[in-house]
Every structure is written in C-alpha cells, then in structure tokens.
Amino acid sequence: METYDPKAIEAKWQHVWEDERAFYVDNPEPGEQPGDDFYMLEMLPYPSGNLHMGHVLNYTLGDVVTHFKRRQGLKVLRPMGWDSFGLPAENAAIKEGGHPREITERNIANIERQMRRLGWAIDWDRVIAAHDPAYYRWTQWLFLKFFEKGLVYRKEAPVNWCPNDQTVLANEQVINGRCERCGAVVESRKMEQWFFRITAYADALLKDHELIDWPERTKAIQRNWIGRSEGAELLFRIDELDVDVPVFTTRPDTVFGATFFVLAPEHPLVDTLVERSPKAEELRKYVRTAMAKRGEERAAADERTGVFTGLYVTNPATDAPIPVWVADYVLMDYGTGAIMAVPGHDERDRQFAERYGLPIREVVDEDGALVNSGQFTGLSAEEAKRAILEWLGERGRGRPAVNFRLRDWGFSRQRYWGCPIPIVYCERCGIVPVPEDNLPVLLPEVEDFRPKGKPPLASNEEWLHAACPRCGGPAVREADTMDTFVDSSWYFLRYVDPHNDQAPFERRLVDFWLPVDQYVGGIDHATGHLLYSRFFVKVLDELDLVGFREPFQRLFHQGWVRQGGSKMSKSRGNVTAPDELADMYGADAVRLYILFVGPADQAMDWTEEGVEGIARFLRRLWRIVGEARYASPDPQPDPEPSLLSRKAHETIARVSDDIGRRFVFNTPIAAVMELVNELGRDPAAPGARFAAETAVSLIQPYAPHVAEELWSRLGHERLWEQPWPVADESQLERETFELVIQVNGKVRDRVEASVQESEEDLVARATASARVQAQLDGREVRQAIVVPGKLVNLVV
RNA sequence: GCCGAAGUGGCGGAACUGGCAGACGCGCUGGACUCAAAAUCCAGUGGAGCGAAAGCUUCGUGUGGGUUCGACUCCCACCUUCGGCACCA
C-alpha cells in the first residue's frame, strides 16, 4: 500500500466534490414543507486576506455539523459570505495606496482559496458580499422600511473628534483617549448622526431570550447590556420656574432622605437656570468644561465636582426646599438627566455632600427599616417602596417607571468604505428618503477617500449634489455611510435567495429555511451583531417580511485559539497560516487537530507537537485500515458479534451522541482513536472490516478527504452521501460486566459478573472476595448498596 | 462593586443523570528496526510508601466545611484566574 499523501488526496477529492456539486443545495420547490431542513450558519468573515486559526475552528466545527446532518438525511443549507465593508480595507488603502475595493476583492479571492484548501462543504453559489451593489441595494431598501416605520431617526450626538487630523474617529481608533494615528488627545464633538431605535425593543429583546437556546453567559451579557431596572419616576417642583423636574430612582423608599438635587450639565433646564442664577458665570464655565470632556474622563475624575445654582426644588415627600446643583457625575443619557441626591444611602451622593457640606439624612436603619420618614417610619424598605410610591402617586408626584441602560444604535460613519445612506437633504423638503426605484445609491469610485474634516463622500461634489426626489429642487446626499453591523444584521436572510433582484429575499424561502438552526461565532459579538440581528428580525417580523421573532435558534461560541507553542514561535515567528499548515500536515490533520485540542467553546493552544500527533494518527488510520482490507477483502461485514464489532457499535453510539446531542467535538475523535487502536491490535480479527469501515465513516465529518479515499479503497463510493451509521442496540448489550466492589465507598476489588445475577448473588460474590475479606477484617457488614450492572458497596 | 464562566498528572484534556478519577493525545522513559538518525512499531508513565516480583497500602480533582453508603460531580463559605458591565441614580 502506498504511503498516505494528504496533498494529493485532498486535491483529488476537492475536485470530485466540486465537479459533482456535492455540497450545493437546491431551494425548496413551491409547496415543499419544511421539516427535514437544517440551516447551519457561522458568522461571516471580514475578508482580511488570510484565514486565522479562529476561522479554522469556527468553520471546521460548522463543517462537522454540516456533514453530520447531511448524512442524517437532512437538507442542509451551509452558505458563506463576506463582511466586506469596513475600516481595515480603507485604512490599508490610505497606508499602502490602492483602492479599498481592489484590496477587498483581492483579499476575498485569497481567503476563498484558503477556504477551498481546507475542504469545507460550502454552497459557493450563494456567496454574498456586503460591498456588492446587488447586496447593499437591499441594505438600503431595509433602511427605508425602518425609516418609514419611524425606527430610524437623526439627532445630534457626540463623536470622537481628532483636532489635529480634523476627522471623526471610530471607537477602535481611539487608544487611551488619543488618536491612533497622530496621538492628539481626542475630543468629544457633537454632530448629527443616524440612529436605529433599538431601545423601543429593549423589553422584547430581554423577554424573547426564553424563545432561544443560547448559552446562559451570552444571555447574561445581553441582559447586562440592556440593563433593565425597575423603579419610579418622581416629580420635583421648581416653583420659581413653574416646572416639574422628573427624576428616575430605584429607591423611592429613600425619598425622605433626598437633601439636594442634581442636574447633568447637559440638562435642558440648565440654560434657564444659568440666566436666573446669581452665579451665572461660574455655572457657565463649569458646564462648558464638563461638556468638553468625554464620558470616560468624567468617570475617571478623582473628585466629584459641581456648582450650586442658587435655586431650590421641593422634595415631594417632605415638602422641604432642597438646593439644585449641577454636577457632571450625573449623566444626561441615563434616566432623566436629573437625580434626587440621597447622601445617606448612595455612595456618590455621600461623597458629594461631604465635599460641599450638604446635609446627610439617614432614612433606613441597619435592619432595613425606615426612620425619619413620616408616616412610613417603621416599614421595611421593600414595603416602603410600594407604599411611598402609591402615596406620591395619589398626590400626582410619582409613578412606577422602568429604565434601560441600552442606548439607540448610532450607525453613521464618517467614512468612505461603507453602504451609502439613501437620504438626501433638500433645501425645501428637508430630509427626503431616496425612492425605492432609485436604489441602489451607488458608492462612487472616488480617488481620495481620506477623511478631512468632513466625510470623504462630501468632497465628491458631482455625487453629492442631487435633485430632490420630492420637489426636484437642489439637494445634497447624505455623505455618511452605514456602520458595517447594518450589513451583517440581515445577511443570513439573503443566503436563501442571494440572486433575487426584485426583493431582498422571497418570503417563501425564508419561511422554509429560517430561523437558523445552529449559529456559530465569537462571543465578542454578544452586544453587537447578536443584538442588532435580533432587533432587525423583530422589526422585519412586524413588517411581515419574515414570520419569526428570533433569527438564531441555537447558538454556540467557539473559544479563542492561541498560537505560540515554544517550537512554533522559535522556528516560524509565532504564527503559521492555516493554508501553509495544510500544505505541511494536510487539511484533514489541521481540521482534526483544531477540534481535538480541547472543548471547542474554551480557549485553546495550537501547538505543532499536537498537530504532529494527529498527523501520526491519520497515518496509522491509513495503514491499519489498509491492513484490515487485505486481511478481510470481503466487503460484507462479519455477521457474528465480535469484540471489534461491539467496539465499533459502541463508537457509533458515542460519536453520534457527542455530536448530535452534546455538541462536543473533541471526544468523538478520541472515541475513533480508541476504535482504531483496538483494530490495530489485530487487523485480521473477526469484525475487522466492519470496524475499519466504521472508523472511516465516523471520522468523515472531520477528515473528509482521507475518509473518502479510504472508503473508496474499501470498495465503496460517495461516503459523503452515505447515511450516518446507527448503532445496533443488540450489540451494545452485554452478558457480563465488571462488578466493582467497594467497602465503605472505596474500591477494593473487581470481578466479572453476569447481568443475570440477582442482587443477593452480587452481594454474596462481593463478600466472598478475598481482598474484601481482608478489608472487612472480621467486621460486620451493616448495609450493602447494589447498583445493578455496576457495583456493590459494603458498609461496615 | 454588580453579573457570568472556569480551577483535575509534566502539558492539552476525559469522566454526560452522584457510582472504577486521569479516556484520548502530547511529552518523557525503556525496547525493537537501523551503520546511525529520522520515521515507524512495542511497552511503561499521578504522587508517596512497602515488596525480589506479581502486587499491595495510602494520598490525590483550588481551599475549608456540609449532605450521602458513595462527591471532580450536589449544598454553604472562601481563594485564584478569565470574561461582561460600571459615576447607571
């Protein structure tokens, strides 16, 4: 038998699969009912030019599931696409020259070649790319639908501004508060930005967690991010101005302890207060300084600062006047931008009160009972929350309220390489959406896409000026582009109908394939992509474009792959590209190893010794399966149960359960190794051929090339279409088992016992054991615990 | 501070519903093959102690308690590491 040559075998079968379109899947015929379909999806890659090990883990895992489900008879959709808009290509173009489109398309070609080298079962007819006008046309179309529904709006919001480069920076371009490129201190500047009204779905996003099978930690991260808190909105009156100022609090029980009142510097009332204040100059200065700071700077300040306005509000519980301060520890974008300060029971308020000599009043004692709280004194804090709120409600001074930490999603990017926003600004009509018929608004081919004080598209005069679709008058286009997370918030819907030029997708096809049955991707997207996509689907559901509320039924996060074992770092500068590794060890070895090294959802280390071990296993498999074939040329499996056939059936059961139910991918490889080890002890033993075929069949989802080659050498065809093997229950049953004998819970002996034996027999055998007798040492057995088929525990 | 996850040999890990701790692999040790090396194959490999040997004893899953005939697994407290949120009122 010739030696195992992974490179040749892998090229051979990749051609066969492509020629036979083995892993392309047809859309359902009209009327075809869902049920035997499976949508396997991994997060689409940003085409950076090279695959890294994280991709290899992600897509190999998806590949194993794809093969497994296909061979279980399901119709599996497993597409691939490119998240191809975004900063890196644009930055590379600025740095190295060239155009982001050229760079992106070159990268896509390269990464696709690397993907093909690893032999993943992908339907390449369904490829989509975010930067393709045929795709972003529908991103724009969806934007218009959201706009019509009032779920997209424009408001002034702070951006990161580099005063030196005269440009807006993305968050990831701000390093420790400084511009990544020039090092200048980044400022907060207000600009008009587009927002998705995701906060309108805050409750739905929380509640619908119960509909989906996601890791608890991911749901927890989203819960944290959404940050729902229940409390009350209370009204504090400023008589002089004849206004009621609402505050949000989670502690209405402490309202009797509110001894002062604080407004955020951005609070709309502050301007009026400044005019009235005897300390107008000081206030104005304070507000200006506070507003120039970025959020992190304000949070990082050592000392709480603020200025007294000279005005008073009325505490609705005590009716006492309390002073109004402006302080930057109160944030405008949480709650109402105003707080009742309770220094007795809030650490921040206490620090502030101590610094400025404000009164501190205790209203809840150590036992959690109210004190100094009028008729509520004596109640527990919990009781008081309800009672005080009810009382204030009757007086028109309060009501229950819920607050969220979640903010609306600002998606304007002052960048070139993104999806244009289909909006024009008309001198007469204002903000006008581009009509659907005029989509796509094409991203123009500009020469200079450097941001310089205004978004790059704003410099393209020819493109910028357009006729107003409504009145025909002069108008300018929106020059910001969309955040790339908009592109990826609906891509999973486009895969079902990627060439449709009449609609983003056909509802019938979405109904058939969606929701995604299994989604795989990094947990780093928990508060981004995974939240945005859920929001999008909820809106699309309400628009009747889809008929479900959650896009991803089951979710799995692959762990981080660290690469830097000692050998590797010395000899090859720490990182070897996956396609190089495939050339060195074979794609099958790389695929197997990345799943063998540990549980797929935990961090793992790639080591060269490890992949060498797997390559060794594959050579062993090759040799032993070859030996078994020569020893047992008859392709019919041996009819009689044997040690090997039992082991094979056990392995089928373990692997199927691990992949199918437990969703673990390392232990099935160990199980197949055990089978191969057993076979290797005597490749001519009865059942050897069946064991060999089983090992090959079970390893196919992981190592499809070598499995296919061995399968054909075993005289069969098209392993990728073979039904997944099913364990024969009768061969899993045992007539005898190893009875574990414990004395006081410690193992003292093991004897062969029959499954027929009664509990009394087993106890008798246990007691009869010489080793047990030595342990008993004449003591009396008080109790015997029998676990049938497993053990006897004698208690003395 | 709040929320979440995880701590098992020299290393990666296995042990799923409480029932033989360390599967499988790496590494290491010894042997075979070889002029030699690589590759390959065979055997051994948690610690300590006893034994000439077969083998036996004992300790052992972050720490301390608890529940149980029996705990890596369940409960309580704590320690450490990692991740998320964080002037969030």
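Computation of the quantities below employed the complete heavy-atom set of this structure, encompassing side-chain atoms and omitting hydrogens, waters and symmetry-equivalent molecules. We name chains A, B, ... by the order of the sequence lines, and we start the count at 1 in each one.
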**Complete:** Looking only at B/C24, B/U57, B/C16, the nucleotide nearest the A/R748 side chain is B/U57

**Message:** Measuring only the C1' atom in each nucleotide, how far is B/G10 from B/U29? A whole number of Å is fine.
**Reply:** 13 Å

**Asked** How does protein contact run along nucleotides 42-49 of chain B, one letter per nucleotide 5' to 3', with B for base contact, S for sugar-phosphate only, - for none, heavy atoms under 4.0 Å?
**Response** --------

**Message:** Quick one: does any side-chain atom of A/R407 pair with a main-chain N or O of A/D333 as donor and acceptor, under 3.5 Å?
**Reply:** yes

**Request:** Side chain of A/A670 only, please: which of B/A15, B/C20, B/C24 is the nearest?
**Result:** B/C24

**Request:** Have a look at A/A603 and say if it touches a base, only the backbone sugar-phosphate, or nothing, with a 4.0 Å heavy-atom cut-off.
**Result:** sugar-phosphate

**Asked** With distance as the sole test, does A/T309 use its side chain to make a donor-acceptor pair with the main-chain N or O of A/V324 at under 3.5 Å?
**Response** yes

**Asked** B/U67 and B/U17: how far apart are their P atoms, nearest whole angstrom?
**Response** 24 Å

**Message:** Assess whether a salt bridge exists between A/E627 and A/R623, defined as any Lys/Arg side-chain N lying under 4.0 Å from an Asp/Glu carboxylate O.
**Reply:** yes

**Asked** With distance as the sole test, does A/H345 use its side chain to make a donor-acceptor pair with the main-chain N or O of A/V363 at under 3.5 Å?
**Response** yes

**NZ/NE/NH1/NH2 to OD/OE distance under 4.0 Å, A/E674 and A/R654** = yes

**Message:** Assuming nearest nucleotide by heavy-atom distance, tell me which of A/M673 and A/P599 is located more 5' along RNA chain B.
**Reply:** A/P599

**Sugar-phosphate, base or nothing in reach of A/K746, heavy atoms under 4.0 Å** = sugar-phosphate

**Request:** Check the chi torsion on B/G18 and let me know: syn if it falls within 90° of 0, anti if not.
**Result:** anti

**Separation between the C1' atoms of B/C72 and B/G19, rounded to whole Å** = 13 Å

**Prompt:** From B/G19, B/A14, B/A23, pick the nucleotide closest to the side chain of A/V787?
**Reply:** B/G19

**Item:** Residue of the set A/F596, A/W560, A/Y585, A/Y593 for which ring-ring contact (aromatic ring centres under 6.0 Å, His included) holds with A/W606
**Value:** A/Y593

**Request:** Determine the contact category for A/G613: base if any of its heavy atoms lies under 4.0 Å from a base atom, sugar-phosphate if only primed atoms, P, OP1 or OP2 are that close, otherwise nothing.
**Result:** sugar-phosphate

**Request:** Round to a whole Å and report the spacing from CG of A/D658 to C1' of B/A15.
**Result:** 12 Å

**Prompt:** In terms of side-chain heavy atoms, does A/T199 have a donor or acceptor partner in A/D408 at a distance below 3.5 Å?
**Reply:** yes

**Prompt:** Can you tell me how far P of B/A23 sits from CZ of A/F596, to the nearest Å?
**Reply:** 12 Å

**Asked** Can you give one letter per nucleotide of nucleotides 83-89 of chain B, 5' to 3': B if a protein heavy atom sits under 4.0 Å from the base, S if only from the sugar-phosphate, - if neither?
**Response** -BS-BBB

**Complete:** Considering only heavy side-chain atoms of A/V795, the closest of B/A14, B/C69, B/G19 is B/C69

**Prompt:** Rounding to the closest angstrom, what is the interatomic distance between B/C24 and B/A77 at atom C1'?
**Reply:** 36 Å

**Prompt:** Using Watson-Crick pairs (N1 to N3, plus N6-O4 or O6-N4) and G-U wobble pairs, both distances under 3.5 Å, which stems of at least 3 pairs involve RNA chain B?
**Reply:** B:1-7 with B:79-85, B:10-12 with B:24-26, B:27-32 with B:40-45, B:46-50 with B:55-59, B:62-66 with B:74-78

**Prompt:** Taking A/R361 for the side chain and A/F256 for the main chain, is one N or O donor matched with an acceptor at less than 3.5 Å?
**Reply:** yes

**Item:** Residue from A/D253, A/T249, A/T254 passing side-chain hydrogen bond (donor to acceptor under 3.5 Å, both in side chains) with A/R251
**Value:** A/D253

**Prompt:** When the C1' atoms of B/G13 and B/U61 are considered, how many whole Å apart are they?
**Reply:** 13 Å

**Prompt:** If you measure only the distance, is there a donor-acceptor pair under 3.5 Å linking the side chains of A/N677 and A/R620?
**Reply:** yes

**Request:** Report yes if the distance between the aromatic ring centroids of A/W409 and A/F485 is under 6.0 Å, otherwise no.
**Result:** no

**Asked** Between A/D588 (side chain) and A/V706 (backbone), is there a donor-acceptor pair under 3.5 Å?
**Response** yes

**Request:** Please state the P separation for the pair B/C11 and B/A48 - nearest whole angstrom.
**Result:** 15 Å

**Request:** Scan A/R782 against the nucleic acid and name what it touches under 4.0 Å (heavy atoms): base, sugar-phosphate only, or nothing.
**Result:** nothing

**Asked** Looking across every strand, which nucleic acid part, if any, lies under 4.0 Å from A/Q742 by heavy atom: base, sugar-phosphate, or nothing?
**Response** base

**Request:** Using the P atoms only, state how far B/C26 lies from B/C16, rounded to an integer number of Å.
**Result:** 24 Å

**Request:** Starting at atom CE of A/M604, determine the distance to atom P of B/G25, rounded to an integer number of angstrom.
**Result:** 19 Å

**Fill in**
Rounded to whole Å, NE2 of A/H557 lies from C1' of B/G4 at a distance of 12 Å

**Prompt:** Any chance the rings of A/F260 and A/F352 have centres within less than 6.0 Å?
**Reply:** yes

**Message:** Please give the distance between the C1' atoms of B/A71 and B/C76 as a whole number of Å.
**Reply:** 15 Å

**Prompt:** Counting side-chain heavy atoms from CB outward, which of B/G12, B/G13, B/C16 is closest to A/D657?
**Reply:** B/C16

**Request:** Report the distance from atom CG of A/N793 to atom C1' of B/C20, rounded to the nearest whole Å.
**Result:** 12 Å

**Message:** Taking the nucleotide of RNA chain B with the nearest heavy atom to each, does A/I669 or A/N744 sit closer to the 5' end?
**Reply:** A/I669

**Message:** Any carboxylate oxygen within less than 4.0 angstrom of a Lys/Arg side-chain nitrogen, looking at A/R662 and A/D657?
**Reply:** no

**Separation of atom CD in A/E752 from atom C1' in B/C20, rounded to whole Å** = 14 Å

**Message:** Rounding to an integer number of Å, can you tell me how far A/E674 CD sits from B/A14 C1'?
**Reply:** 10 Å

**Request:** Can you figure out which of B/U40, B/C16, B/A14 approaches the side chain of A/R619 most closely?
**Result:** B/U40

**Donor-acceptor pair under 3.5 Å, A/R217 side chain vs B/C3 base** = no

**Prompt:** Which part of the nucleic acid does A/N677 contact within heavy-atom distance under 4.0 Å: base, sugar-phosphate only, or nothing?
**Reply:** sugar-phosphate

**Message:** Just the rounded figure in Å: distance from C1' of B/A23 to CZ of A/R662.
**Reply:** 12 Å

**Complete:** The side-chain hydrogen bond (donor to acceptor under 3.5 Å, both in side chains) partner of A/H209 among A/E216, A/K219, A/Q222 is A/Q222

